[in-house]
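The structure appears below as structure tokens.
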Amino acid sequence: MPCAQCGREARGFGYCHGLRWDRHPHYRFCSMACLMAGSANAKRNHGMIDKTDMETRAIVEARRMLAEALTEMGLMEPFFDRPAADIDRVIEACVDGFQASMQRQSDNGDVPF
């Protein structure tokens, strides 16, 4: 199972808003640092962990790194005039694919501790 905060493999840390198992989802985390960040986020958002302002900002800031990689590979031209929303979709697809792979890999039934 992936960490609800960073997508790495969860390692026994968990959070359920207000311990209301019947009303809120239970989230798992890879570390105490991710648990603290995720629980603070859930408290601000009434138990939900959606795309945060930090995640939105991270996607925007990742544009530069994506542009640098595309330029180094000679692939920037098709992306040059694309709107920012299209570039963000590419970044999100990469992140989502990475996290989905991590989840599939961690769903092999092994207990991480």
Side-chain angles (χ1 to χ4, degrees):
M1 175 157 252
C3 174
Q5 187 69 21
C6 71
R8 292 186 178 120
E9 183 178 354
R11 297 196 182 270
F13 299 92
Y15 177 83
C16 181
H17 187 61
L19 296 177
R20 297 289 310 266
W21 305 98
D22 58 327
R23 295 190 60 176
H24 300 289
H26 179 254
Y27 299 102
R28 299 193 188 283
F29 299 93
C30 67
S31 65
M32 195 64 177
C34 280
L35 170 64
M36 297 304 287
S39 64
N41 184 21
K43 287 174 187 174
R44 283 190 306 270
N45 294 298
H46 309 290
M48 300 304 296
I49 298 179
D50 293 324
K51 191 177 355 173
T52 64
D53 292 339
M54 185 186 304
E55 291 168 324
T56 300
R57 182 176 164 194
I59 290 169
V60 170
E61 291 179 5
R63 291 178 194 160
R64 181 176 313 279
M65 292 177 65
L66 176 62
E68 289 172 4
L70 291 171
T71 300
E72 287 173 10
M73 293 184 288
L75 300 171
M76 185 61 181
E77 188 176 337
F79 293 90
F80 189 75
D81 291 323
R82 302 299 301 196
D86 288 354
I87 302 303
D88 293 352
R89 283 182 59 200
V90 170
I91 294 168
E92 286 186 66
C94 292
V95 171
D96 290 346
F98 176 86
Q99 289 178 333
S101 176
M102 295 292 283
Q103 183 174 9
R104 281 191 305 275
Q105 292 177 55
S106 67
D107 281 346
N108 64 7
D110 293 337
V111 178
F113 49 87

Check side-chain contact (heavy atoms from CB on, under 4.5 Å) between Met32 and all other residues, then give those that pass, not counting sequence neighbours.
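Met32 satisfies side-chain contact (heavy atoms from CB on, under 4.5 Å) with Phe13, Leu35, Met36 only.
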Going by the rule side-chain contact (heavy atoms from CB on, under 4.5 Å), which residues pair with Arg8 if we only count those two or more places apart in sequence or in a different chain?
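Applying side-chain contact (heavy atoms from CB on, under 4.5 Å) to Arg8 gives Cys6, Cys30.
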Under the salt bridge (charged side-chain N to carboxylate O under 4.0 Å, His left out) test, which residues partner Arg63, sequence neighbours left out?
Asp88
Closest contact, heavy atoms only, Glu55 versus Gln5
OE2-O, 4.4 Å
Taking every non-hydrogen atom, the tightest pair across Arg28 and Ala10
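Arg28 and Ala10 have their closest heavy atoms at CB-CB, 3.7 Å.
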Result block: side-chain N/O donor-acceptor pairs under 3.5 angstrom for residues 66-82, not counting sequence neighbours:
| unit_1 | atom_1 | unit_2 | atom_2 | d |
| --- | --- | --- | --- | --- |
| Thr71 | OG1 | Ala67 | O | 2.8 |
| Arg82 | NE | Asp86 | OD2 | 3.1 |
| Arg82 | NH2 | Asp86 | OD2 | 2.6 |

